[in-house]
Student: 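Can you read through this structure? Questions will come right after.
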There are 2 protein chains.
Amino acid sequence: MVVHQESAERANRLFHALADATRREIVTLTLTGEQSVSQLARRFPMSFAAVQKHVAVLERAGLVTKQRQGREQRVRGNADALREARRLLDQLADVWRGRIDRIDAILTDPDPGPGPGPGNSENSENSGEHAHASDRHQEEP
Amino acid sequence: MVVHQESAERANRLFHALADATRREIVTLTLTGEQSVSQLARRFPMSFAAVQKHVAVLERAGLVTKQRQGREQRVRGNADALREARRLLDQLADVWRGRIDRIDAILTDPDPGPGPGPGNSENSENSGEHAHASDRHQEEP
DNA sequence: CTGATGTACAACCATCGGGTTGTACGTTAG
DNA sequence: CTAACGTACAACCCGATGGTTGTACATCAG
């Protein structure tokens with residue numbers, strides 16, 4: 001039960017991908033217009049392979065998509081992924097604004113979903129306290 | 001050259017700090033209420049020192065602040081830093097929307113381009129020119 | 001056909017990141 | 001005072017990252 005891994009890892013990949021200036025530039029460039037990998041590579045002071053790796057990281061994070069076209073691989077930025085990242089930030093901020101009661105909801109599941117259906121999950125134990133963080137620790141030696 | 005380093009590294013630190021689930025949780029926890037480091041540490045399945053390091057990373061990124069109080073160190077989340085991160089994301093998105101105004105910090109694109117309707121995508125292989133990227137070998141033969 | 005171009009991928013290397021333990025030190029509780 | 005608590009920090013693993021070079025292969029230009 002440690003914070004829905006899927007969404008947590010998605011967020012990890014997203015922010016990690018954004019935590020590099022080169023990659024942010026690639027996103028910018030490919031948002032304004034498709035670019036082939038070698039076109040991109042020519043713009044940066046590093047090897048083609050290095051840029052290739054950056055693109056791969058961005059792709060795994062969903063920030064760009066690649067599409068074969070002849071012998072080229074066109075890279076296109078994905079604005080939706082940026083929105084996704086923004087959403088995640090907003091969620092944290094919302095917690096601060098007190099607009100959240102189910103903290104573990106945002107920590108575990110990014111989908112607040114429509115109605116707060118009662119039959120949500122089997123979780124929901126410690127509502128009184130917030131954030132059980134990961135609620136497993138304190139072992140006895 | 002290369003994208004103002006100061007702000008670039010700021011962004012690097014911010015996103016890097018956010019690229020870890022434990023750290024995001026710490027931000028959440030400390031946004032809802034101050035917590036001492038050891039209080040935080042008790043909530044996570046890792047050593048005190050590990051949590052200490054996470055807090056340090058968050059602090060360097062400006063996402064939390066520490067304040068001594070007796071023998072405790074109270075950690076408080078900083079919502080402004082989250083806003084800052086959001087601003088950075090919005091900048092990238094704005095490029096895409098063609099609302100570039102201060103893109104200086106992102107890329108020096110002299111091509112205001114035609115109607116940048118959001119529904120572009122099919123754009124063209126814009127001449128590219130100096131995206132400066134990193135101001136080295138970007139010459140077209 | 002041959003050659004240049006664009007990709008993919010493996011191997012390698014140096015550094016960073018996240019985690020651990022251990023130690024030292026100030027502060028608070030008894 | 002002494003003991004427990006909260007913190008800081010160093011030293012140390014080890015896996016992940018970011019970069020390189022080198023090779024292989026497909027596609028496009030002549």
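In the text below, chain A, chain B and the rest are named by the order of the sequence lines, each starting its count at 1. These numbers come from the heavy atoms of this one structure, side chains and all, not from hydrogens, waters or symmetry mates.
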Student: Measure CZ/A/Phe44 against C1'/D/dT20 and give the value in whole Å, please.
Tutor: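 Nearest whole value for this atom pair: 18 Å.
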Student: Scan A/Arg23 against the nucleic acid and name what it touches under 4.0 Å (heavy atoms): base, sugar-phosphate only, or nothing.
Tutor: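 The residue A/Arg23 makes sugar-phosphate contact but no base contact.
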Student: Rounded to whole Å, how long is the line connecting atom CZ of B/Arg74 with atom P of D/dG6?
Tutor: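 Checked: the CZ to P distance equals 11 Å.
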Student: OP1 or OP2 of D/dT7 versus the side-chain N and O atoms of B/Ser38: is any pair under 4.0 Å?
Tutor: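 Indeed, a polar side-chain atom of B/Ser38 lies that close.
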Student: Can you tell me how far P of C/dC16 sits from CG of B/Asp20, to the nearest Å?
Tutor: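 Between P of C/dC16 and CG of B/Asp20: 18 Å.
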Student: From C-beta outward on B/Gln52, which listed nucleotide comes closest to its side chain: C/dA8, D/dC9, C/dG19?
Tutor: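 Of the options given, the side chain of B/Gln52 lies nearest D/dC9.
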Student: Taking atom CZ of B/Phe15 and atom CG of B/Leu89, what is their separation to the nearest 0.5 Å?
Tutor: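 Output value for this atom pair is 4.0 Å.
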Student: With respect to the side chain of A/Met46, which nucleotide from D/dT21, D/dT7, D/dG19 is positioned closest?
Tutor: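 From the listed options, D/dG19 comes nearest.
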Student: Contacts to DNA chain C from residues 54-67 of chain A, heavy-atom cutoff under 4.0 Å, which residues?
Tutor: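 Contacts with DNA chain C under 4.0 Å: A/Lys66.
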Student: For the CG atom of B/Leu92 and the CG atom of A/Leu82, what is their distance to the nearest 0.5 Å?
Tutor: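 Rounded to the nearest 0.5 Å, the CG-CG separation comes out at 5.5 Å.
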Student: Can you check whether any acceptor in the base of C/dG17 is under 3.5 Å from a donor in the side chain of B/Lys53, or vice versa?
Tutor: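 For B/Lys53, whose side chain was compared with the base of C/dG17, there is no donor-acceptor pair (under 3.5 Å).
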Student: Let me know the distance between CD of A/Glu72 and C1' of D/dA29, rounded to the nearest Å.
Tutor: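 The answer, rounded to whole Å, is 14 Å.
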Student: Report the distance from atom CZ of A/Phe48 to atom P of D/dT20, rounded to the nearest whole Å.
Tutor: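 Interatomic distance, CZ of A/Phe48 to P of D/dT20: 13 Å.
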Student: Identify whether any heavy atom of A/Ser47 sits under 4.0 Å from a base atom; if not, whether one sits that close to sugar-phosphate; answer base, sugar-phosphate or nothing.
Tutor: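 If one applies the 4.0 Å heavy-atom cut-off, A/Ser47 turns out to touch a base.
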Student: Which atom pairs, donor and acceptor, lie under 3.5 Å between side-chain atoms of residues 44-61 of chain B and protein residues at least two apart or in another chain?
Tutor:
{"from": "B/Ser47", "atom 1": "OG", "to": "B/Ala50", "atom 2": "N", "distance (Å)": "3.1"}
{"from": "B/His54", "atom 1": "ND1", "to": "B/Arg23", "atom 2": "NH1", "distance (Å)": "3.2"}

Student: Listed by chain and number, what are the side-chain contact (heavy atoms from CB on, under 4.5 Å) partners of B/Arg76, not counting sequence neighbours?
Tutor: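 Checked B/Arg76 against side-chain contact (heavy atoms from CB on, under 4.5 Å); matches are B/Glu34, B/Thr65, B/Gln67.
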Student: Of all of residues 8-18 of chain B, which get a heavy atom below 4.0 angstrom from DNA chain C, listed by number?
Tutor: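 The stretch gives B/His16 as the residues lying under 4.0 Å from the strand, ordered by number.
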Student: Can you name the residues that form a side-chain contact (heavy atoms from CB on, under 4.5 Å) with B/Glu84, not counting sequence neighbours?
Tutor: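 In terms of side-chain contact (heavy atoms from CB on, under 4.5 Å), with neighbours along the sequence ignored, B/Glu84 is linked to B/Arg10, B/Leu14, B/Arg87, B/Leu88.
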Student: If you look at every heavy atom in A/Val64 and A/Gly77, which pair is closest and at what distance?
Tutor: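 What the structure gives for the nearest pair is CG1-CA, 4.0 Å.
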Student: Identify, with sequence neighbours excluded, every residue that meets side chain to side chain donor-acceptor pair (under 3.5 Å) alongside A/Arg13.
Tutor: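 By the side chain to side chain donor-acceptor pair (under 3.5 Å) rule, A/Arg13 matches no residue at all.
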Student: Expressed in angstrom and rounded to an integer, what is the separation of A/Arg68 atom CZ from D/dC25 atom P?
Tutor: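 From A/Arg68 CZ to D/dC25 P: 15 Å.
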Student: Considering residues at least two apart in sequence or located in another chain, which fulfil the side chain to side chain donor-acceptor pair (under 3.5 Å) criterion with A/Asn12?
Tutor: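 Only B/Arg24 meet the side chain to side chain donor-acceptor pair (under 3.5 Å) criterion with A/Asn12.
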Student: Do the side chains of B/Arg43 and B/Gln35 get nearer than 4.5 Å, heavy atoms only?
Tutor: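 Yes. Closest side-chain heavy atoms under 4.5 Å.
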Student: Residues in side-chain contact (heavy atoms from CB on, under 4.5 Å) with B/Gln69, at least two apart?
Tutor: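 With sequence neighbours excluded, B/Gln69 shows a side-chain contact (heavy atoms from CB on, under 4.5 Å) to B/Arg74, given in chain and number order.
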Student: Output the rounded distance in Å from CG (A/Leu40) to C1' (C/dT7).
Tutor: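 Taking atom C1' of C/dT7 as the reference, CG of A/Leu40 is at 13 Å.
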Student: According to side chain to side chain donor-acceptor pair (under 3.5 Å), who are the partners of A/Asn78, at least two apart in sequence or on a separate chain?
Tutor: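 Scan of A/Asn78 (side chain to side chain donor-acceptor pair (under 3.5 Å), adjacent residues dropped) gives none.
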Student: Mind listing the N/O atom pairs, protein and nucleotides 23-25 of chain C, below 3.5 Å?
Tutor:
none

Student: Specify the closest pair of heavy atoms between B/Leu63 and B/Ala17, including all atoms of both residues, with the distance to one decimal.
Tutor: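 Smallest heavy-atom distance, with atoms named: CD1-CB, 3.7 Å.
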Student: Below 3.5 Å between N/O atoms, which protein atoms pair up with nucleotides 26-30 of chain C? Just atom names and distances, please.
Tutor:
{"from": "C/dT27", "atom 1": "O2", "to": "B/Arg71", "atom 2": "NH1", "distance (Å)": "3.2"}

Student: Calculate, to the nearest 0.5 Å, the distance between atoms CZ and CD belonging to A/Arg68 and A/Gln73 respectively.
Tutor: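 The CZ atom of A/Arg68 sits 5.5 Å away from the CD atom of A/Gln73.
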Student: Need one value for A/Ser36: base, sugar-phosphate or nothing, where a base atom within 4.0 Å counts as base even if backbone is also close, heavy atoms only.
Tutor: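 If one applies the 4.0 Å heavy-atom cut-off, A/Ser36 turns out to touch the sugar-phosphate alone, with no base involved.
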Student: What pairs with A/Ser38 under side chain to side chain donor-acceptor pair (under 3.5 Å), at least two apart in sequence or on another chain?
Tutor: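 Listed in chain order: A/Ser36.
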